[in-house]
Amino acid sequence: MKTSIQTVAAPLTGIGIIIIGFVYDVLFAGIPYQDPTPELQARYDFHSAVAGTLYMSGCLVVLLGLVAIPFVLRRRGRTARR
(Lines give C-alpha, C1' and ligand atoms only; values in the text may rest on other atoms or scores of the structure.)
Protein backbone atom coordinates (compact mmCIF):
# COMPACT_ATOMS: atom_id res chain seq x y z
CA MET A 1 0.00 0.00 0.00
CA LYS A 2 2.83 2.38 0.83
CA THR A 3 4.44 1.98 -2.58
CA SER A 4 1.22 2.73 -4.46
CA ILE A 5 0.69 5.93 -2.49
CA GLN A 6 4.27 7.04 -3.09
CA THR A 7 3.95 6.23 -6.78
CA VAL A 8 0.96 8.49 -7.38
CA ALA A 9 1.95 11.23 -4.92
CA ALA A 10 3.26 13.66 -7.55
CA PRO A 11 0.24 13.47 -9.89
CA LEU A 12 -2.13 13.85 -6.93
CA THR A 13 -0.16 16.86 -5.72
CA GLY A 14 -0.45 18.40 -9.19
CA ILE A 15 -4.20 17.82 -9.22
CA GLY A 16 -4.37 19.51 -5.82
CA ILE A 17 -2.49 22.54 -7.18
CA ILE A 18 -4.91 22.73 -10.13
CA ILE A 19 -7.87 22.64 -7.73
CA ILE A 20 -6.30 25.39 -5.61
CA GLY A 21 -5.84 27.46 -8.80
CA PHE A 22 -9.48 26.96 -9.72
CA VAL A 23 -10.68 28.01 -6.26
CA TYR A 24 -8.39 31.06 -6.37
CA ASP A 25 -9.70 31.93 -9.82
CA VAL A 26 -13.32 31.72 -8.70
CA LEU A 27 -12.83 33.61 -5.44
CA PHE A 28 -10.50 36.41 -6.52
CA ALA A 29 -10.59 36.82 -10.30
CA GLY A 30 -14.14 35.71 -11.01
CA ILE A 31 -15.97 36.88 -14.08
CA PRO A 32 -14.36 39.84 -15.89
CA TYR A 33 -16.10 43.17 -15.56
CA GLN A 34 -18.13 44.47 -18.48
CA ASP A 35 -16.77 48.02 -18.47
CA PRO A 36 -14.10 48.21 -15.74
CA THR A 37 -12.09 51.14 -14.53
CA PRO A 38 -8.32 50.84 -15.08
CA GLU A 39 -7.83 49.90 -11.40
CA LEU A 40 -10.41 47.10 -11.55
CA GLN A 41 -8.93 45.84 -14.82
CA ALA A 42 -5.44 45.77 -13.32
CA ARG A 43 -6.74 43.90 -10.27
CA TYR A 44 -8.53 41.36 -12.44
CA ASP A 45 -5.46 40.89 -14.66
CA PHE A 46 -3.25 40.28 -11.62
CA HIS A 47 -5.53 37.67 -10.06
CA SER A 48 -6.12 36.02 -13.42
CA ALA A 49 -2.36 35.76 -13.97
CA VAL A 50 -1.85 34.19 -10.53
CA ALA A 51 -4.58 31.62 -11.25
CA GLY A 52 -3.04 30.88 -14.65
CA THR A 53 0.35 30.31 -13.03
CA LEU A 54 -1.22 27.87 -10.57
CA TYR A 55 -2.92 26.03 -13.45
CA MET A 56 0.31 25.73 -15.43
CA SER A 57 2.43 24.62 -12.47
CA GLY A 58 -0.19 22.04 -11.50
CA CYS A 59 -0.26 20.65 -15.04
CA LEU A 60 3.54 20.48 -15.08
CA VAL A 61 3.62 18.56 -11.79
CA VAL A 62 0.96 16.13 -13.05
CA LEU A 63 2.83 15.50 -16.30
CA LEU A 64 6.19 15.02 -14.59
CA GLY A 65 4.59 12.69 -12.06
CA LEU A 66 2.97 10.61 -14.78
CA VAL A 67 6.24 10.38 -16.70
CA ALA A 68 8.10 9.33 -13.53
CA ILE A 69 5.71 6.50 -12.58
CA PRO A 70 7.23 3.82 -14.87
CA PHE A 71 10.74 4.69 -13.70
CA VAL A 72 9.72 4.50 -10.06
CA LEU A 73 7.99 1.16 -10.55
CA ARG A 74 10.95 -0.26 -12.44
CA ARG A 75 13.34 0.88 -9.72
CA ARG A 76 11.18 -0.63 -6.99
CA GLY A 77 10.99 -3.90 -8.90
CA ARG A 78 14.79 -4.13 -9.07
CA THR A 79 15.22 -3.46 -5.35
CA ALA A 80 12.50 -5.98 -4.43
CA ARG A 81 14.26 -8.78 -6.35
CA ARG A 82 17.55 -8.36 -4.47
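Any value given below was found using the heavy atoms of this structure, including those in side chains, with hydrogens, waters and symmetry copies removed.
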Report task. Under 4.5 Å between side-chain heavy atoms, chaining through other members, with only Ile, Leu, Val, Met, Phe, Trp and Tyr counted: pull out the rest of the cluster around Leu40, sorted by chain and number. Result ->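 Via sub-4.5 Å side-chain contacts, Leu40 links to Tyr33.
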**Report entry** Heavy-atom pair of closest approach, residues Ala51 and Gly21
**Finding:**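 In this case the closest contact between Ala51 and Gly21 is CB-O, 4.0 Å.
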Requested in this report: Specify the closest pair of heavy atoms between Ala10 and Gly65, including all atoms of both residues, with the distance to one decimal.
Outcome: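 For Ala10 versus Gly65, the nearest heavy atoms are CB-CA, 3.7 Å.
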From [X] [atom1] over to [Y] [atom2], what is the distance, rounded to the nearest 0.5 angstrom?
| X | Y | atom1 | atom2 | value |
| --- | --- | --- | --- | --- |
| Ser48 | Gln41 | OG | CD | 9.5 Å |
| Ile17 | Leu60 | CD1 | CG | 9.0 Å |
| Arg74 | Ile69 | CZ | CD1 | 13.5 Å |
| Ile19 | Leu54 | CD1 | CG | 12.5 Å |

Requested in this report: Return each pair, listed once, that meets side chain to side chain donor-acceptor pair (under 3.5 Å) where at least one residue sits in residues 18-32; pairs must be two or more places apart or across chains.
Outcome: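 For residues 18-32: Tyr24-His47, Asp25-Tyr55.
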Query raised in the report: Is the count of non-hydrogen atoms from other residues, nucleotides or ligands lying under 6.0 Å from Leu27 atom CG greater than 12?
Result: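 Yes, enclosed.
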Is there a path from [X] to [Y] through hydrophobic residues (I, L, V, M, F, W, Y) whose side chains come within less than 4.5 Å of each other?
| X | Y | answer |
| --- | --- | --- |
| Val61 | Val50 | yes |
| Val23 | Ile20 | yes |
| Leu66 | Leu73 | yes |
| Val8 | Val67 | no |

Query - Partner residues of Tyr44 under the side-chain hydrogen bond (donor to acceptor under 3.5 Å, both in side chains) criterion, sequence neighbours left out - result: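 Applying side-chain hydrogen bond (donor to acceptor under 3.5 Å, both in side chains) to Tyr44 gives none.
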